[in-house]
Amino acid sequence: ANAAKARDLLGKLPESLFLLGIVIDYQIRAQDYTAALATIDRSLALAPDDRGLYAMRLSTLAAMNDDAGVEAGLREMVGK
């Protein structure tokens with residue numbers, strides 16, 4: 001219910017990291033990892049220095065068994 005409200009509010013507040021965080025949490029809990037990655041990337045475009053978002057991305061890639069993606073993500077974090 002809260003995730004649906006957050007998605008609706010994102011139409012009015014598309015740059016709200018708070019709302020994006022609610023949506024990401026819901027997507028990960030629902031194991032919709034592809035959607036979660038897209039929302040995480042959207043959030044990173046708004047907050048490129050947020051290490052928590054990078055950690056979420058790595059965790060999501062790991063849940064998808066995407067070892068190459070995890071490695072690339074780690075390299076990107078080290079490069080920042």
Note, [X] side chain near [Y] side chain (heavy atom, < 4.5 Å):
X: Leu46; Y: Leu20; answer: yes
X: Arg7; Y: Ile22; answer: no
X: Leu37; Y: Gln27; answer: no

Evaluation steps, side chain to side chain contact (heavy atoms under 4.5 Å, CB included), between Thr34 and Met64: CA-CA 9 Å; Thr34 302; Met64 297 172 73; 4.1 Å; yes
Assigning hydrophobic clusters by single linkage (Ile, Leu, Val, Met, Phe, Trp, Tyr; side-chain heavy-atom cutoff under 4.5 Å), is [X] placed with [Y]?
X: Leu19; Y: Tyr26; value: no
X: Leu17; Y: Leu9; value: yes
X: Leu58; Y: Val78; value: no
X: Leu13; Y: Leu53; value: no

Heavy atoms of other groups near Glu76 CD, more than 12 under 6.0 Å: yes
Least distance between heavy atoms, Ala63 atom then Tyr33 atom: CB-CZ, 3.7 Å
Ile28 versus Ala36, closest heavy-atom pair with distance: CG1-CB, 3.8 Å
Partner of Thr39 by side-chain contact (heavy atoms from CB on, under 4.5 Å), out of Ile24, Leu44, Thr60: Ile24
Salt bridge (Lys or Arg N to Asp or Glu O under 4.0 Å) partners of residues 21-37, not counting sequence neighbours, each pair once: Asp25-Arg29
Salt bridge (Lys or Arg N to Asp or Glu O under 4.0 Å) pairs, two or more places apart, involving residues 37-56: Asp41-Arg57
